[in-house]
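Accompanying notes for the structure given below.
By convention here, the first residue in the shown sequence is residue 1.
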Amino acid sequence: MHANPLTALWLVWRIQTLDPDQSTGKKLTMAQEGSDTSDAFTGSPLRFMQAGQDMAQQFMAFIGQAGNPGAGVPPVVDPQALIALQKQFMDQQISLWRSLLTRQPGEPETFKVAADAGDRRFAAPEWRASPVFDYLHQAYLLNSKFLKDLVELIPASDDKARNRMRFLARQIVDAMAPSNYAATNPEFIKVALESEGRSITDGINNLIGDFGKGRISMTDESVFEIGRNIATTEGAVVYENDVMQLIQYAPLTPEAGALPLVVVPPCINKFYIMDLQPDNSLIRFMVDQGNTVFLVSWRNPQEEHGHLTWDDYLERGPIAALRVAREICQAGQVNTLGFCVGGTILTSALSVLKGRGEDVAASLTLMTTLLDFSDTGEIGLFIDANALAARESAIGKGGLLPARDLQSTFSFLRANDLVWNYVAGNYLKGQKPQAFDLLYWNSDSTNLPGPFACWYMRNLYLDNSLRVPGKLEMCGQRIDLGALAMPVYVLATREDHIVPWKSAYETTRILGGEARFVLGASGHIAGAINPASKNKRNYWVNDDVKIDAEGWLTAAEERPGSWWTDWAAWLKPHAGESRAARRPGNAKYKPIEPAPGRYVRQRAV
């Protein structure tokens, strides 16, 4: 993955020469025998491409076997489709070569390869100032497209195999970009000359510093401090155990609804994605709407917590939180909200309580949450029977799934933005990353107990058993999500690569209560944390959730701004009668320490 980019270009050039009957090779030979000047020039890259036949075949076999690990023999590509793709690619390479050779100063290019929308790797003018770098980056883009198109020709056993091949090819393509290497990045050269080599020294120091951290620095972490300028909504820890601390937030209104709101965030990363700054804090927004808000702050597990199971997380997480919140507020029921895997944990806990005869939730809100794991997006590509068996053997009975592994997994879902962007900026150009609260949170990943993680991956991601009534047992109860009859608000986001929105839509078929489904714009985080005060983006609503997902979207009404206001209006009737707002704690549950507490401050990486 960290090969020299020139070698990478050579590899991709070689791939285009794959031709089982060698007919393309004959065409290359004929092209090389051309007599005019342009044919002589085009002959060099064509000979170069032909030289890579063997390596290309090995590469094809590697991608095919990685995507179809159970297949004994590498899948065979349709030769006619391959020849057509090769011809198209070869024509484009020749057009690019000729365009750069014949272009006169001030004249427009006769052939140009443009980067995809949003791809900023080659936006700097230095990539076009020199013919060498102009050709290099355009050839890379052309080669990248060819490689991705080539993957589509390789037979796949199912959609997961196809997506696994796409993911692997994308990782290789992204890693091979000339922007990632000193010799092929003109921005590196410019900065090095202008700084008289200082940028190189700074880049090496940045690299050494990140080696010490064990991760790539994405932001200036010295700027932020949890509780000082991030996660600052006022409140107190009113309960704690070895799995979580329960925070009760101080009121921002004179009155609040009688029923409190209990929030269960994901246990992967920290809760303060919901409380970054006052102007983008979902927690603060909830409190400001007249809710008494309790939030589960998960502990960052250490070695002594490596025995904790899924059942432990349910009993000592949301089940304990729901009990304490009801006791403090003297309420028979509460409103509940779960975010991502926190929503999966919360829904499971409510099903356990339902099995025990306790109907504690007046409403349930699920933000970007999976209950049906039939399509798990790119995260699911990392989980198969063989890989999971290895994990179970290593940590299934005890141990930790390290935060570093989780962070790397999520970062490589968007490798150009969250990996290679910082390789080029921090290490090649010697830059210090800018202060950005979201990326500070993104770098603050957490460990997971091995038994918890393995149970979650096998029973939910691999077997998709949660949606099947009675198949799973948790905390001594058979789980039937269809028995949960409370009203439910389901938020999905349209570009979510972790919880595909159509998978989240299936929640409306699984739970037994009346469902409102809302689709936000953007992705897993940006779509969910979309402050109402900024009036950005948009969302879609449609009361008819009996139709399929595509039909729902076709008939949906698009509304400007944030889904937060829609959710607040939906929740208000479930909050109960207004009463004097409550300060954190009571005689039994006295405040232990100010929010955000100490559990959230413990770093794993």
Q: Without swapping roles, check the side chain of R164 against the backbone of I63 for a donor-acceptor pair under 3.5 Å.
A: no

Q | CD1-CG distance between I273 and N280, expressed to the nearest 0.5 angstrom | A | 8.0 Å

Q | Closest non-hydrogen atom pair, L371 against N464 | A | O-OD1, 4.3 Å

**Q.** Spatial distance of atom CD (E152) from atom CG (L147) [nearest 0.5 Å]
**A.** 10.5 Å

Q | pair I383-F373: side-chain heavy atoms closer than 4.5 Å | A | no

Q) Cationic tip of R414 within the cone over Y422's six-membered ring, i.e. under 6.0 Å and within 45° of the normal? A) no

(Q) What I'd like to find out is whether the side chain of I498 reaches to under 4.5 Å of the side chain of L413, using heavy atoms alone. (A) yes

Q: Indicate yes or no: at least one non-hydrogen side-chain atom of W552 is less than 4.5 angstrom from one of L519.
A: yes

Q: Please test I230 against Y440 for side-chain contact (heavy atoms from CB on, under 4.5 Å), starting from the C-alpha separation and ending with a verdict.
A: CA-CA 10 Å; I230 203 167; Y440 179 83; 3.9 Å; yes

(Q) Between N542 and I547, is there a side-chain heavy-atom distance shorter than 4.5 Å? (A) yes

Q | S99 side chain vs S95 backbone, donor-acceptor pair below 3.5 Å | A | no

Q: Check for a donor-acceptor pair, side chain of N442 on one end and backbone N or O of L438 on the other, with a separation under 3.5 Å.
A: no

Q | Closest approach of N269 to D444 (non-hydrogen atoms, all atoms of both residues) | A | ND2-O, 3.6 Å

Q | Shortest non-hydrogen contact between P265 and F271, atoms and distance | A | CG-CB, 3.6 Å

Q. Are V419 and N416 side-chain neighbours, meaning at least one heavy-atom pair lies under 4.5 Å?
A. no

Q.
For the residue pair D372 / S503, report whether a side-chain donor-acceptor contact shorter than 3.5 Å exists.
A. no

Q.
I'd like to know if the side chain of N180 and the backbone of D174 have a donor-acceptor N/O pair within less than 3.5 Å.
A. yes

Q. For A156 and M165, which heavy atoms make the closest approach, and how far apart are they?
A. CB-CE, 3.6 Å

(Q) Please determine whether the number of non-hydrogen atoms from other residues, nucleotides or ligands lying under 6.0 Å from atom CD of E196 exceeds 12. (A) no

Q: Using side-chain contact (heavy atoms from CB on, under 4.5 Å) as the criterion, point out the one residue from R494, K502, E558 that pairs with L553.
A: R494

Q) Near R559 CZ, under 6.0 Å, is it more than 12 heavy atoms from other residues, nucleotides or ligands? A) yes

Q: Show the numbers, then the answer: is there a side-chain contact (heavy atoms from CB on, under 4.5 Å) between W501 and T493?
A: CA-CA 6 Å; W501 79 267; T493 52; over 6 Å; no

Q. Are the side chain of T219 and the backbone N or O of F436 linked by a donor-acceptor pair below 3.5 Å?
A. yes

Q: Check for a donor-acceptor pair, side chain of N426 on one end and backbone N or O of N206 on the other, with a separation under 3.5 Å.
A: no

(Q) To the closest 0.5 Å, what do you measure between CG (L418) and CE (M218)? (A) 5.0 Å

Q) Do E187 and W127 have side-chain N/O donor and acceptor atoms under 3.5 Å apart? A) yes

Q. NZ of K536: more than 12 outside heavy atoms within 6.0 angstrom?
A. no

Q: Taking atom types as modelled, find out whether N143 and Q93 have a side-chain donor-acceptor pair closer than 3.5 angstrom.
A: yes

Q.
Looking at A492, is its backbone amide N or carbonyl O close enough to the side chain of T368 to form a donor-acceptor pair, meaning the two atoms are under 3.5 Å apart?
A. no

Q) Is there a side-chain contact (heavy atoms from CB on, under 4.5 Å) between L388 and L462 once you walk through the steps? A) CA-CA 9 Å; L388 182 53; L462 195 63; 3.8 Å; yes

Q: Compute whether any side-chain donor of one residue and acceptor of the other, for Y427 and D210, lie under 3.5 angstrom apart.
A: yes

Q. Roughly how far, to the nearest 0.5 Å, is CZ of R166 from CD of Q171?
A. 14.5 Å

Q: Any chance you could lay out the side-chain contact (heavy atoms from CB on, under 4.5 Å) test for K148 and K145, step after step, and finish with the verdict?
A: CA-CA 5 Å; K148 292 175 182 177; K145 183 180 184 305; 5.8 Å; no

Q: Start with the C-alpha gap between S179 and N185, add the side-chain angles, then the distance that decides, and say whether side-chain hydrogen bond (donor to acceptor under 3.5 Å, both in side chains) holds.
A: CA-CA 5 Å; S179 53; N185 187 330; 5.4 Å; no

Q. Is there a side-chain contact between I379 and Y461, using heavy atoms and a 4.5 Å cut-off?
A. yes

(Q) Any non-hydrogen side-chain atom of F285 less than 4.5 Å from a side-chain atom of S533? (A) no

Q: Please find out if less than 6.0 Å separates the ring center of Y135 from that of W97.
A: yes

Q: Taking only Lys NZ, Arg NE, NH1 and NH2, and the carboxylate oxygens of Asp or Glu, determine whether D119 and R121 approach each other closer than 4.0 Å.
A: yes

Q) After noting the C-alpha distance and the side-chain angles of Y539 and N530, does the key distance pass the side-chain hydrogen bond (donor to acceptor under 3.5 Å, both in side chains) rule? A) CA-CA 10 Å; Y539 62 98; N530 181 24; over 6 Å; no

Q) So with a 6.0 Å cut-off around CG of D91, is the heavy-atom count from everything else above 12? A) yes

Q. Hey, does N163 have a side-chain heavy atom less than 4.5 Å from the side chain of E378?
A. no

Q | Minimum heavy-atom distance between A435 and V223, given as atom pair plus value | A | CB-CG2, 3.8 Å

Q. Nearest 0.5 Å, what's the CZ-CG distance between F188 and L193?
A. 9.0 Å

**Q.** Q407 CD to T446 OG1 distance, which is reported to the nearest 0.5 Å
**A.** 10.0 Å

**Q.** Residue K160 excluded, over 12 heavy atoms near NZ under 6.0 Å
**A.** yes

Q: Of all the heavy-atom pairs spanning D279 and P531, show the shortest one and how long it is.
A: O-CB, 3.5 Å

Q. Between the side chain of R537 and the main-chain N/O of S522, is any donor-acceptor distance below 3.5 Å?
A. no

Q | Heavy-atom donor-acceptor pair, N447 side chain to A403 backbone, under 3.5 Å | A | yes

Q. Under 3.5 Å, side chain of S562 to main-chain N/O of N535, donor-acceptor pair present?
A. no

